[in-house]
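Here the structure is laid out as structure tokens; the discussion comes afterwards.
Just so you know, ligand 1 is whichever comes first in the structure, and atom 1 is the first atom listed for that ligand. By convention here, the first residue in the shown sequence is residue 1. Computed from a predicted structure; not experimentally measured.
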Amino acid sequence: MNILDKIIADKAKEIELKKSLIPVSQLESSVLFERKCLSLAESLKNGSGIIAEHKRRSPSKSVINQDLNVQDVVYGYEKAGASGISVLTDGKYFGGSLEDLLYARASVNIPILRKEFMIDEYQVLEAKAYGADAILLIAAVLTEQQMTYLANSAKSLGMEVLLEVHNEEELKKSLEVNTDMIGVNNRNLKSFEVSIENSKKLSSLIPDQLVKVSESGISNTNTIAELKIFGYQGFLIGENFMKTSNPGQAAEKFITELKSIA
Ligand SMILES: O=C(O)c1ccccc1NCC(=O)[C@H](O)[C@H](O)COP(=O)(O)O
């Protein structure tokens with residue numbers, strides 16, 4: 001069983017337990033359920049394009065940074081000029097939580113993406129209840145029907161969808177889904193191999209009306225300049241910032257440099 005299968009198997013068990021502890025009605029009674037969401041897609045098109053990620057650890061890199069509190073990290077990202085924030089909420093493999101999402105919501109006024117392995121509508125309701133503006137759907141673990149259902153659920157709650165693909169087959173099964181953005185993950189989520197070429201290879205297959213986002217393995221501004229030529233307007237960056245003692249400062253330096261080469 002590969003790591004992605006393990007994550008999904010654990011996620012299914014986690015969701016069943018959570019459903020028994022926190023009923024849907026309790027999620028729907030969250031004050032954040034009535035909140036009008038911010039548009040990540042618009043923020044990417046009109047801003048720096050950087051989605052700065054809060055990630056304590058990962059299967060490919062193990063511990064990245066467990067010493068900082070999420071409020072300081074995301075506030076620093078907003079101050080640096082990020083267009084959006086990505087918050088990992090998976091606990092077992094990434095050290096994240098829904099509480100991280102709630103703290104992030106309380107700390108910034110820019111769009112927040114719930115970075116999670118979504119397989120059940122319950123998780124979409126959680127995302128709304130804890131303050132997310134957008135959810136991630138990963139084509140590698142979902143059928144077209146599941147993506148359609150979950151995307152429509154998110155949209156009905158006013159959230160946007162970032163639909164993540166890694167190859168042409170995943171992209172083709174995603175083209176009819178009601179999404180706002182297509183993310184190309186440069187990381188193979190099974191082998192952990194990372195190649196920016198993946199974003200370049202798939203860019204021409206992504207419909208022009210969708211915002212293109214390149215994810216993973218981005219560590220310098222020249223890569224951004226190259227990917228913009230291929231039509232990318234969003235760039236999801238985690239480790240490059242989180243591996244430092246001050247991710248917000250690292251993001252500020254990165255975005256300042258980006259502006260100087262624009
Ligand atoms: O990062 C991993 O090891 C990983 C393994 C399995 C599934 C997902 C994984 N990462 C999630 C991401 O896609 C990244 O956190 C995100 O794209 C940022 O990547 P990076 O800038 O390389 O930290």
Distance col, row Asn240:CG vs Ser216:OG, nearest 0.5 angstrom, shows 12.0 Å
For Glu239, the ligand 1 atoms with a heavy-atom partner under 4.0 Å come out as 20 (P), 21 (O), 23 (O)
Considering heavy atoms of the protein only, find what lies nearest to atom 23 (O) of ligand 1 and give residue, atom and distance to 0.1 Å. Lys55 NZ, 2.6 Å
What do you reckon, does Ile218 put a non-hydrogen atom under 4.0 Å from ligand 1? no
Report yes if some heavy atom in the side chain of Glu239 is under 4.5 Å from a heavy atom in the side chain of Ser219; otherwise report no. no
Result for side-chain contact (heavy atoms from CB on, under 4.5 Å) between Arg56 and one of Val73, Asp67, Asp100, Val63 points to Asp100
Quick one: sort the Phe241 and Tyr77 rings into parallel, tilted or perpendicular, breaks at 30° and 60°. tilted
Give the residue, atom name and distance (to 0.1 Å) of the protein heavy atom nearest atom 1 (O) of ligand 1. Arg187 NH1, 3.3 Å
Is the shortest distance from a Lys or Arg side-chain nitrogen in Glu169 or Lys173 to a carboxylate oxygen in the other one below 4.0 Å? no
Please examine the side chains of Ile51 and Glu53, heavy atoms only from C-beta on, and report whether any two atoms are closer than 4.5 Å. no
Just which atoms of ligand 1 are under 4.0 Å from any heavy atom in Gly217? 20 (P), 21 (O), 22 (O)
Assess whether a salt bridge exists between Arg35 and Asp133, defined as any Lys/Arg side-chain N lying under 4.0 Å from an Asp/Glu carboxylate O. yes
Identify the closest protein heavy atom to atom 21 (O) of ligand 1: which residue and atom is it, and at what distance? Gly238 N, 2.8 Å
Take Asn188 and Glu193 through the side-chain hydrogen bond (donor to acceptor under 3.5 Å, both in side chains) test and state the conclusion after the steps. CA-CA 5 Å; Asn188 181 312; Glu193 182 194 354; 5.3 Å; no
If the contact criterion is a heavy-atom separation under 4.0 Å, does Lys115 count as touching ligand 1? yes
May I ask whether Phe94 has any heavy atom positioned less than 4.0 angstrom from an atom of ligand 1? yes
Those atoms of ligand 1 less than 4.0 Å from some heavy atom in Leu236: 16 (C), 17 (O), 18 (C)
Side-chain contact, heavy-atom cut-off 4.5 Å: Val184 with Lys212? no
Does only the side chain of Phe192 get under 4.0 Å from ligand 1, or the backbone, or both, or neither? Count heavy atoms. side chain
Any heavy-atom pair between the side chains of Ile22 and Glu126 that's under 4.5 Å? no
Heavy atom of Ile237 under 4.0 Å from ligand 1? yes
Heavy-atom distances under 4.0 Å decide this one: backbone, side chain, both or neither, for Lys61 against ligand 1? neither
Salt-bridged, Asp120 to Lys11, with N to O below 4.0 Å? no
Ligand 1-proximal atoms of Glu53, by part, heavy-atom distance under 4.0 Å: side chain
Heavy-atom pairs closer than 4.0 Å: do any link ligand 1 to the side chain of Asn185, the backbone, both, or neither? side chain
Is the closest heavy-atom distance from Leu189 to ligand 1 below 4.0 Å? yes
Closest to atom 19 (O) of ligand 1 by heavy-atom distance, out of Ser219, Ser58, Ser214, Ser216, is Ser216
Below 4.0 angstrom from a heavy atom of Ser60, which ligand 1 atoms are there? Numbered from 1 as shown, please. 1 (O), 2 (C), 3 (O)
Does an N or O anywhere in Ile3 fall below 3.5 Å from an N or O of ligand 1? no
